[in-house]
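One structure below.
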2 protein chains.
Amino acid sequence: MGTVGKALDLLDLFTHQQPQMGLSALARAAGLNKATCHRLLTEMESRGLVEQAGPAREYRLGPAVLRLAALRESAVPTRDAAMPVLRRLADATGETAHLSHLVAGRLQTLAFAYSAHHGIKVTMEDADFLPFHATASGAAVLAFLPEAEAARILATLPAPAVVRERMDHCRQHGWAETVSTFEKDVHGTAVPLFDTAGTCTGALAVAAAAPRMTPALHATITAELARAGAEITALRGGQVPAPLARLWQIPA
Amino acid sequence: MGTVGKALDLLDLFTHQQPQMGLSALARAAGLNKATCHRLLTEMESRGLVEQAGPAREYRLGPAVLRLAALRESAVPTRDAAMPVLRRLADATGETAHLSHLVAGRLQTLAFAYSAHHGIKVTMEDADFLPFHATASGAAVLAFLPEAEAARILATLPAPAVVRERMDHCRQHGWAETVSTFEKDVHGTAVPLFDTAGTCTGALAVAAAAPRMTPALHATITAELARAGAEITALRGGQVPAPLARLWQIPA
DNA sequence: TTGATCGGTTCATTATTTGAACCGTTGGTT
DNA sequence: AACCAACGGTTCAAATAATGAACCGATCAA
């Protein structure tokens with residue numbers, strides 16, 4: 001792995017739980033020498049990608065990332081364009097809707113919307129990674145990924161057989177499902193999303209409170225998901241594969 | 001300059017005007033060998049920081065930057081926290097308000113808010129860089145930067161003497177001003193912002209349509225800017241320097 | 001056909017990265 | 001007060017990774 005990769009890996013160490021860390025902690029977590037880590041960090045700091053905060057000189061993500069994100073959204077309005085659809089999906093189902101993207105082999109939460117209908121709802125955090133083995137989104141994405149890439153990811157999962165079942169189900173019905181796997185009492189349903197080349201790039205999901213689930217609600221969720229999934233894919237100029245388009249009952 | 005710096009410099013080549021570029025164009029613009037450029041790009045692509053789009057395989061910013069930005073805002077809510085203040089400032093003055101941040105020696109637009117009062121307003125774009133020599137924000141930031149850093153930046157400007165005058169004005173009155181320098185018929189007024197250490201980190205500005213400017217409007221703008229500047233600095237736990245706090249008529 | 005440019009690759013040369021040991025500080029314990 | 005451990009940061013010879021001229025096949029225009 002090159003130097004740049006090591007530097008970028010450092011950025012992945014920052015999480016919601018630990019948004020800033022000291023030099024030694026970062027070096028330890030990344031498996032780097034302290035001196036190496038320091039050089040990478042100062043180099044990134046000089047471009048504003050990270051910055052040092054407080055008297056302890058801890059490092060955290062810098063303001064330059066905001067510019068990059070604004071530029072990305074302006075060039076490819078993935079998030080902003082999907083937000084209205086996401087909100088309507090949350091409203092129509094009365095549950096929490098969320099959007100995720102496949103980035104470098106991981107499923108990254110991009111956006112979410114809560115419904116106002118219920119006091120109890122599934123809460124989410126932005127910028128987290130979803131585990132492929134325990135989410136409907138993961139199964140939906142894997143189901144429509146090129147076999148080679150799907151296999152590569154499946155090989156890293158604890159229970160590939162179970163996930164394969166969910167993938168088959170998704171290919172047959174047009175949506176994937178998990179019940180109380182990611183979090184207890186959360187009923188997840190998801191559909192895949194596609195880019196212009198017809199490649200699966202992410203998923204759209206509804207996370208419902210399991211105790212509330214009824215056949216009627218379930219029917220609403222799958223129908224709304226198909227509609228919203230087709231809409232977001234269309235917004236991006238994406239191509240839904242023909243078999244899936246039939247299941248979703250939309251024009252190819 | 002290290003390898004990481006070169007890679008990160010590539011990211012700065014993407015702009016609103018040119019959100020995606022081919023390999024050769026990037027190499028040329030960055031002054032890199034094509035092979036070197038390619039290696040850096042593929043390394044960044046593997047982490048999702050850039051991606052390739054379309055049949056021409058042009059490169060553009062990738063989805064990973066969205067995660068980084070969301071994480072940054074969650075840890076240090078610079079933009080989100082300031083938005084309400086920015087909107088109130090635009091409403092109170094009837095003009096365009098914007099917020100900028102000093103990042104790696106450049107002034108980066110972070111956010112802006114339009115007023116609904118007038119049909120004609122100064123329009124802005126996010127994620128652009130403001131020139132120090134032609135904006136009130138630039139003068140305001142330079143006026144309260146450590147002398148060494150200010151001098152370093154001033155040395156790169158076309159007309160440092162004029163900018164020094166604006167800086168002096170800002171130190172005396174608490175706000176900086178430019179008329180028709182950045183764009184014709186735009187009257188800019190700005191105040192500096194500070195972090196916890198009392199270091200100047202950015203500026204808050206109002207860009208007004210020059211023909212509309214009256215002594216009364218001008219008084220409103222400077223008063224509202226002082227209020228809003230103090231508020232944003234306070235929101236961040238920042239320290240306004242004592243002399244400036246007196247000018248703004250706020251508690252030290 | 002020719003020629004120019006594109007994205008991408010190769011590999012000997014070269015320059016950069018690397019990491020053990022070091023420094024000065026800080027903060028808690030004895 | 002003395003001690004110790006951990007912190008952020010620096011040094012420099014040794015080792016590794018970055019570099020770039022030349023090259024490939026493809027595309028496009030003349």
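Numbers restart at 1 for each chain; the letters A, B, ... are given by sequence-line order, proteins then strands.
Taking CH2 from B/Trp175 and CZ from B/Arg166, the interatomic distance works out to 13.0 Å, rounded to the nearest 0.5 Å.
In this structure, B/Thr3 reaches the C/dT17 phosphate: one of its side-chain N or O atoms is under 4.0 Å from OP1 or OP2. Of the side-chain N and O atoms in A/Ser24, none sit less than 4.0 angstrom from OP1 or OP2 of D/dA6. Note on B/Tyr59: a side-chain N or O is less than 4.0 Å away from OP1 or OP2 of C/dG8. Taking 4.0 angstrom as the limit, A/Arg57 places none of its side-chain polar atoms (N or O) nearer than this to OP1 or OP2 of D/dC7. Dashed line: the shortest gap from a side-chain N or O of A/Gln52 to OP1 or OP2 of D/dC7 is not under 4.0 Å. OP1 or OP2 of D/dT10 lies within a sub-4.0 Å distance of a side-chain N or O belonging to A/His38.
Rounded to whole Å, atom P of D/dG8 lies 15 Å from atom CG of A/Leu40. In this entry the distance linking CZ of A/Arg28 with C1' of D/dA5 reads 12 Å, nearest Å. Protein atom CG of B/Leu23 is 18 Å distant from nucleotide atom P of D/dC24, rounded to whole Å. We find that CE of B/Met44 is positioned 13 Å from P of D/dA18, with the value rounded to whole Å. The interatomic distance linking B/Glu58 (CD) with C/dT5 (C1') rounds to 14 Å, in whole Å. Spacing between atom CG of A/Leu41 and atom P of C/dT18 amounts to 12 Å, rounded to whole angstrom units. Atom C1' of nucleotide D/dG9 and atom CZ of A/Arg39 are separated by 14 Å, given to the nearest angstrom. Rounded to whole angstrom, the span from the CD atom of B/Glu45 across to the P atom of C/dG8 amounts to 8 Å.
Between the side chain of A/Thr78 and the backbone N or O of A/Val76, at least one donor-acceptor pair lies under 3.5 Å.
Comparing D/dA18, D/dG8, C/dG7 against the side chain of B/Lys34 picks out C/dG7 as the nearest. The A/Ala35 side chain lies nearest to D/dT11 when the options are C/dT18, D/dT11, D/dG9.
A/Arg67 has a carboxylate O that lies under 4.0 Å from a charged side-chain N of B/Asp12, or vice versa, which qualifies the two as a salt bridge.
Among all heavy-atom pairs drawn from A/Val141 and A/Ala203, the shortest one is CG2-CB, 3.7 Å.
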Derivation of the side-chain hydrogen bond (donor to acceptor under 3.5 Å, both in side chains) call for B/His16 and A/Ser74:
CA-CA 7 Å; B/His16 272 116; A/Ser74 141; 3.2 Å; yes
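Positionally, the nearest nucleotide of DNA chain C for B/Met21 lies more toward the 5' end than for the other of B/Lys6 and B/Met21. Ranked by how close their nearest DNA chain D nucleotide is to the 5' end, A/Met1 and A/Ala56 are led by A/Ala56.
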